[in-house]
Amino acid sequence: MSEAVNQNNVAITLPDGTVRHFVTGVTAGEVAADIGPGLAKAALAARIDDKLVDLSTRIEFNAAVSIVTVKDDEALELLRHDAAHVLAEAAKELWPDIQVTIGPVIENGFYYDFGRADPFTPNDLVNMEQRMREIVSRDEEITREVWNREYAIEFFTSIGEQYKAEIVRDLPESEVITIYKQGEFVDLCRGPHLPSTGKLGSNFKLMKIAGAYWRGESRNEMLQRVYGTAWATEKELKQYLHRLDEAERRDHRRLGREMDLFHIQEEATGSVFWHVKGWTLYRVIESYMRRRLEGASYVEVRTPQLFDRVLWEKSGHWEKFCEHMFTSESEERVLALKPMNCPGHVQIFRQGLKSYRDLPLRMAEFGCCHRNEPSGALHGLMRVRAFVQDDAHIFCTEDQVNQETAEFCELLMSIYRDFGFTDVIVKFCDRPEMRAGDDVVWDRAERSLKDALDQTGLDYVANPGEGAFYGPKLDFVLRDAIGRDWQCGTWQVDFVLPERLDASYVGADGVKRRPVMLHRAILGSFERFIGILIEHYAGRFPVWLAPIQAVVATITNESDSYALRVNEALQEAGLRSEIDLRNETINYKVREHTYAKIPMILVVGAREAEQGTVSLRWLGGKKQEVLALDQAVANLSDAAAVPA
RNA sequence: GCCGCCGUAGCUCAGGGGUAGAGCACACCCUUGGUAAGGGUGGGGUCGAGUGUUCAAUUCACUCCGGCGGCACCA
């Protein structure tokens, strides 16, 4: 390239800082080719002054340019976006009268929604994927055009693409309407795209078919969605598929059955039958939580299951959620099973005069709530119709919100740590569109919560419009062992409910005032939290949580009486142990209790009986250690200690 | 609730217009074996429920219930 600089040249700064000069209007692809043939081949897109663009983009001004290859993070997004387009092209080829709609990139892949009278069959999925691979091997050039709005609408209408025409019609006037073509396929798209379909490669797979509402609105017609996954390398694709297998292996519904923790049956859909072992786990968690709450100066109460609907009308829940409440009738009154504890707690607060000296009043309840969730939403323990939260409401003054928020965050983090979760995301959720209370109150509530959060020093992300209908909130999201997020904890500021249910206290000046109500939970529902724990630990619970902590297994029946003594010693030390005296080989017993994920197996035979020892084997370990009985009991007790 | 798929033994699954099979589990017998399956015998099913077609339905059709995957919802 010439060093001369004139107005027909552009100076292009490369990522390493070198500057090259090109004729004005050079394409990003040509720049890549000038740098080297290897890069030209690998080039997928370009970044011009930080804007991601097609390789065909002409460069008219001096700019910083970098060439995007498969090694760059954004390449994956391009790849997935192109996969969606290739899928749409394949579907159009297979069924010419199918309508294309949208096909965005999502976590781990992409989807495409089609308008079609008949739903897809699993075989269609196979055919579409096959056709996609053909389109990739055709290596069709992908080209971009800018169209006039009216023309675009006319065009899409003329080829029967009503959805596309609607999308164009609804685009803001300022939007440039860009069209991408590959082979015979013409699509409205913002871009950018890869230079040709061949660049997609072969590391993609169509995963499943599903229904999805047009524009995500349940009143709209249902489209046919195809989900796919796409990766830069075969290795990453395989790893992803392996992760899916791993998630399936951990599925709490499967482990719940295999480990005999709980079941759910037709006659009580959405409600849990806790079996002995599952209920043991539940009780361990519950008593742990009771202790932590006591330590944080909470008091515990119990409020009724059934309330007259007038209470729910007063609280505002009836108006918004009556569809999701279970109701019953008695003596001409409509009663509703409580979907939450807060109105009940206000009733207790209202008994007798409360003084500012009583605040903050931290009122906890492990109360069973019922919500009539839509049938399609039910999912094992994760979404049920009857559940118990580690629920509490803090009645306090506005001035106390700061301190309460700080203390709550500390308690929550400490509890999560005890359960083995250290990666926690905090979300700040502000006013939703549908809400109670006027904007002045919301301004105050949001400001007060934000100030308090800032003072905790925790990192957080904004989650606009996602607050509760009565106030802003913080959501606490756990990341589990395989990288999935679960929203569990919540902290909600509420100026509305105390007003509606007329809660008040007497201030230092003798004047009646409204308390602020803070709704809060750490685990969320016990049911769901246990589901999360099962999946997080893949059923291999830490010893303190394991329903059965130890099994004493004999080698021959000769040692039965000694084994009974060992088991007794364990139980006396407060361990949850079982004994296996069956007439089976030790191999069989070890295998079975290992599959049952028992943390420790104590094998006893003639030798141990004679010497007063046990042969101890830990879950996941292959070695055994022979210890004196009292030493073993001491070790196991330590291992089983509930976090302090 | 909406779209699709599925429902056979306790579990995982095979089968298919003429009232059912495997492995594991379970019970009994033999075996008393030192750290991931010792051997034998046996019991167990209104094939999710209902209606229809048929000489005959677990099998085909329809309806309902439930499960699964999404969508929508989630105080």
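Here is the naming used below: chain letters follow the sequence lines, and residue numbers restart at 1 for every chain. Worth knowing before you read on, the calculation uses all heavy atoms, side chains too, and leaves out hydrogens, waters and symmetry mates.
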Query raised in the report: Does A:Arg116 make a cation-pi contact with A:Trp95, if we ask for NZ or CZ under 6.0 Å from the ring centre and within 45° of the axis?
Result: yes
Report task. Find the distance A:Glu267:CD to B:G67:P and express it as a whole number of Å. Result -> 11 Å
Report task. Pick base, sugar-phosphate or nothing for A:Thr594, based on heavy-atom distances below 4.0 Å to the nucleic acid. Result -> base
**Report entry** Polar side-chain contact A:Asn587-B:U35 base: donor and acceptor under 3.5 Å
**Finding:** no
Query - Main-chain N/O of A:Leu497 paired with A:Asp494 side-chain donor or acceptor, under 3.5 Å - result: yes
Requested in this report: Verify, without hydrogens or angle tests, whether A:Lys589 (side chain) and A:Asp580 (backbone) share a donor-acceptor contact under 3.5 angstrom.
Outcome: yes
Requested in this report: Sequence neighbours left out, what passes side chain to side chain donor-acceptor pair (under 3.5 Å) with A:Asn372? Give chain and number order.
Outcome: A:Arg385
Report summary line: In A:Phe326, A:Phe307, A:Trp318, the residue satisfying ring pair (Phe, Tyr, Trp, His ring centres under 6.0 Å) with A:Trp312 is A:Phe307
Query raised in the report: Who is the Watson-Crick or G-U wobble partner of B:G17, with both distances under 3.5 Å?
Result: none
Sub-3.5 Å pairs of nitrogen or oxygen atoms, protein against nucleotides 41-44 of chain B:
none

Report task. Please tell me which of A:Phe120 and A:Gly380 maps to the more 5' nucleotide of RNA chain B, matching each residue to the nucleotide holding its nearest heavy atom. Result -> A:Phe120
Query raised in the report: Looking across every strand, which nucleic acid part, if any, lies under 4.0 Å from A:Ala606 by heavy atom: base, sugar-phosphate, or nothing?
Result: base
**Report entry** Worked check of side chain to side chain donor-acceptor pair (under 3.5 Å) between A:Asp113 and A:Trp214
**Finding:** CA-CA 8 Å; A:Asp113 283 348; A:Trp214 165 235; over 6 Å; no
Report task. For A:Glu608, answer base if it contacts any base atom (sugar-phosphate contacts may also be present), sugar-phosphate if it contacts only those atoms, and nothing otherwise; contact means non-hydrogen atoms under 4.0 Å. Result -> base
Query - Among B:U35, B:G38, B:U32, the one nearest A:Ser615 by side-chain distance - result: B:U35
Report task. Rounded to whole angstrom, note down the P distance from B:C74 over to B:A27. Result -> 49 Å
Query raised in the report: Quick one: A:Asp124 CG to B:C3 P, roughly how many Å, whole number?
Result: 18 Å
Requested in this report: Spell out, as yes or no, whether a donor-acceptor pair under 3.5 Å connects the side chain of A:Gln492 to the backbone of A:Leu518.
Outcome: no
Query raised in the report: Is there a side chain to side chain contact (heavy atoms under 4.5 Å, CB included) between A:Asp502 and A:Arg514 once you walk through the steps?
Result: CA-CA 8 Å; A:Asp502 192 26; A:Arg514 291 272 173 238; 2.9 Å; yes
Tabulated below should be each protein N or O lying under 3.5 Å from an N or O of nucleotides 22-28 of chain B; please produce it.
residue: B:A25; atom: OP1; partner: A:Tyr588; partner atom: OH; Å: 3.1

Requested in this report: Could you check how far CD of A:Glu248 sits from C1' of B:C68, rounded to whole Å?
Outcome: 11 Å
**Report entry** Ion pair check, A:Lys473 and A:Asp475, cut-off under 4.0 Å
**Finding:** yes
Report task. For B:C68, give its Watson-Crick or G-U wobble partner with both distances under 3.5 Å, or none. Result -> B:G4
Report task. Could you check which nucleotide pairs with B:U51 in any of the strands shown, counting Watson-Crick or G-U wobble with both distances under 3.5 Å? Result -> B:A61
Report task. Figure out the CZ/C1' separation between A:Arg591 and B:G38, and round it to whole Å. Result -> 14 Å
Report task. Measure from CG on A:Leu223 to C1' on B:G4 and round the result to the nearest Å. Result -> 14 Å
Query - Span that lies between the C1' atom of B:A57 and that of B:G50, in whole angstrom - result: 14 Å
Report task. May I have the step-by-step check of side chain to side chain contact (heavy atoms under 4.5 Å, CB included) for A:Glu535 and A:Arg484, ending in yes or no? Result -> CA-CA 10 Å; A:Glu535 302 205 355; A:Arg484 294 170 306 177; 3.1 Å; yes
Query raised in the report: Does a donor on one side chain and an acceptor on the other come within less than 3.5 Å for A:Tyr111 and A:Arg80?
Result: no
Query raised in the report: Do you see a donor-acceptor pair shorter than 3.5 Å between the side chains of A:Thr303 and A:Lys338?
Result: yes
Query raised in the report: Can you check the A:Arg116 CZ to B:G4 C1' distance for me, whole Å?
Result: 12 Å
Could you list all N or O pairs between the protein and nucleotides 5-15 of chain B that sit under 3.5 Å apart?
residue: B:U12; atom: OP1; partner: A:Arg257; partner atom: NH2; Å: 3.0

Query - Parallel, tilted or perpendicular: rings of A:Phe395 and A:Phe349 (30°, 60°) - result: parallel
Query raised in the report: With rounding to whole Å, what would you report as the distance between B:C30 and B:G21 at their C1' atoms?
Result: 28 Å
Query raised in the report: Expressed in whole Å, how much space separates the P atoms belonging to B:A75 and B:C5?
Result: 32 Å
Query raised in the report: Who pairs with A:Gln265 by side chain to side chain donor-acceptor pair (under 3.5 Å), at least two apart in sequence or on another chain?
Result: A:His263, A:Glu267
Query - Base partner of B:C74, which must satisfy Watson-Crick or wobble distances under 3.5 Å - result: none
Report summary line: Scanning all shown strands, the Watson-Crick or wobble mate of B:U41 with both distances under 3.5 Å is B:A27
Query - Protein proximity profile, nucleotides 69-75 of chain B - base contact B, sugar-phosphate-only contact S, no contact -, cut-off 4.0 Å on heavy atoms - result: BBBBBBB
Query raised in the report: Base, sugar-phosphate, or nothing: which does A:Ile586 touch, judged by heavy atoms less than 4.0 Å apart?
Result: sugar-phosphate
Report task. Between B:G48 and B:C13, how far apart are the P atoms? Round to whole Å, please. Result -> 15 Å
Query raised in the report: Nearest-Å distance, CG (A:Asn557) to P (B:G34)?
Result: 14 Å
Query raised in the report: Rounding to the closest angstrom, what is the interatomic distance between B:C60 and B:G44 at atom P?
Result: 28 Å
Report task. Could you tell me whether the side chains of A:Ser577 and A:Asn567 share a donor-acceptor contact shorter than 3.5 Å? Result -> yes
Query raised in the report: Expressed as a whole number of Å, how far does the C1' atom of B:A9 sit from that of B:G17?
Result: 23 Å
Report task. List the steps, then state whether side chain to side chain contact (heavy atoms under 4.5 Å, CB included) holds for A:Ile601 with A:His593. Result -> CA-CA 8 Å; A:Ile601 302 173; A:His593 297 125; 3.8 Å; yes
**Report entry** Spacing between A:Met207 atom CE and B:C68 atom P, to the nearest angstrom
**Finding:** 19 Å
Report task. Using the C1' atoms only, state how far B:G66 lies from B:U8, rounded to an integer number of Å. Result -> 16 Å
